[in-house]
Amino acid sequence: MNKKTRKDFPIFKNHKTLAYLDNASTTQTPKVVIDQVSEHYKKNRANIHRGIYQLSEETSSEYENVRKKVADFIGAEKNEIIFTSGATHSSNMAIRSIEESFGIKAGDEIVLSHMEHHSTVIPLQELAKRKKCKLKYVHPTDTSSISKKTKIVAAVLASNVTGEINNLSKIISKAREVGALSIVDGAQAVGHIEVNVKKLGADLFFFSGHKMCGPTGVGVLYGKRELLDGLKPSVFGGGAVSEVGDMGAVFLEVPQKFEAGTPPIAQVVGLGAAIDYLQNIGIEAIHAHIKDLHKYTIEKLSSIDRIKLFTSEENNSGIISFNIDGIHPHDIAEILSRNNVAVRAGHHCAMPFMKELGIKGSVRISLYIYNTKKDIDKCIEAIKDVKKIFNI
Amino acid sequence: MIGFKEELYKENILEHYKHPQNKGALDPCDFTEKGVNPSCGDVLTLCVVVKDGKIENISFDGEGCAISIAGASMLTEFAKEKTVKKLQKMEESAMFDMLGVSISPGREKCALLAYGALQKIVKSN
């Protein structure tokens, strides 16, 4: 990996000295993915499942082949994979569908981990407001709040703030025991660690394509087949129905009933190429590289005075948040940016987790396959520059 | 390192950040208004005492980055003894001029955090 891998990404030809350390936000795109999307537009562009002509049929099978590829990638069945526009769309859709299908009522409880991203927190808050449910925030391994009153349990597989990979086995089996549905956010995990949804056992699982070298505008919602069969769709339109009368429609089977409208076809095709690209390198090799670099980053950062790290040494997806006493995260990120180091600063769309950590925000370094020790060294030098400017 | 960074973190910005003027809540005060920066979650609260159409006293409270704190510090200094009418006419560009450094689009919200809160107060008066 490293130097050779970096060459696979055209962005670095245009930004030769960029240390891109904001991968938890979005990763860069390898040439093979860009080419695949471009080829699709040039050779296979047509709508899917619609036209009785060869081009449409070819495009439909290209699209459906990616469904199979995604399913194999996360250990699911083909028809358990729903394409969405991204992780946020996936979670909103899943939560609204549960509300419509499972008679969530006043007094029901929703348990969510305090590490959740806003894409999970807010749809659940809105659901709780509509149905007068109680929200309970817990540590992702804490099962003590899950009871017969619990209807939904939501947890994140890897935190987008600290990178911690949570062991969710207890919380998921407790949810099953009490008859609650479990939803897992895998946005920071897929493409970083081996994910097998059957082993994980969650009822619903979602992730984005653009955080694993795929194009923006595509995400995945996985659901157990028997659950999806009984789940009502929450987004309606063409392509998802077999028959429409004046007063109602007959919906298609899963997964089509959840994919109303023209899906992000080109992006799905690109996601397929991204999975091929990552599998070619190997998820184990990817994780090993990130783990190595994560350890190196912790070592280097720890030597800086007045710094506080928020990460885990083990079981990490490659994210380190930090603060320097006396300097605001935005100021740190600004000076880093002026040294061509791209990091994220702020609350990382996880304000409840910030509150739990007792901070307003942090600077976040997030690593991926093309990052090198050189990127980290550059970042460390820039942090020294920050301290010099602020005389701290 | 790249030269233009010094342009943002000039001595006076850092001085206002480290030793902000008019910091702390005023009690009693006539008007309070929060300025919220959604990208980082920073909240500054402005407190204003108005007498005879003039800002008699003004302060801010909260945490923020060097740009937002320096901006609030400078703005509260500037606004004291000014008439509400005059402040109503104060434009965003005057805030940037006051900071005296080039502000990138990503930091405009920081620079205008206290300004936005003050404008809400004076425009509701």
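Naming convention: chains lettered A, B, ... in sequence-line order (proteins, then strands); numbering from 1 in each chain.
- Under the 3.5 Å distance criterion, the side-chain polar atoms of B:Lys18 are matched with a main-chain donor or acceptor of A:Phe390.
- Heavy atoms from other residues, nucleotides or ligands lying under 6.0 Å from NZ of A:Lys387 number more than 12.
- For B:Ile67, the parts lying under 4.5 angstrom from a heavy atom of chain A are both the backbone and the side chain.
- Looking at A:Asp331, its side chain never comes within 3.5 Å of a backbone N or O of B:Cys65 through a donor-acceptor pair.
- In this structure, A:Asn391 CG and B:Tyr9 OH are separated by 15.0 Å, a value rounded to the nearest 0.5 Å.
- Within 6.0 Å of CD on A:Glu299 lie more than 12 heavy atoms contributed by other residues, nucleotides or ligands.
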### Query
Yes or no on side-chain hydrogen bond (donor to acceptor under 3.5 Å, both in side chains) for B:Asp42 and A:His328, after CA distance, side-chain angles and deciding distance?
CA-CA 10 Å; B:Asp42 283 346; A:His328 191 280; 2.5 Å; yes
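- With values rounded to the nearest 0.5 angstrom, A:Ile389 atom CD1 is found 8.0 Å from B:Leu14 atom CG.
- When all heavy atoms are compared, the tightest approach of A:His347 to B:Pro38 is NE2-O, 2.9 Å.
- Taking a 6.0 Å sphere around NZ of B:Lys80, one finds it holds more than 12 heavy atoms contributed by other residues, nucleotides or ligands.
- Between A:Met354 atom CE and B:Cys40 atom SG the span is 12.0 Å, to the nearest 0.5 Å.
- Contact annotation: the side chain of B:Ser68 never approaches that of A:His330 to less than 4.5 Å [non-hydrogen atoms, C-beta and beyond].
- Residue-environment remark: NZ (B:Lys82) exceeds the threshold of 12 foreign heavy atoms within 6.0 Å.
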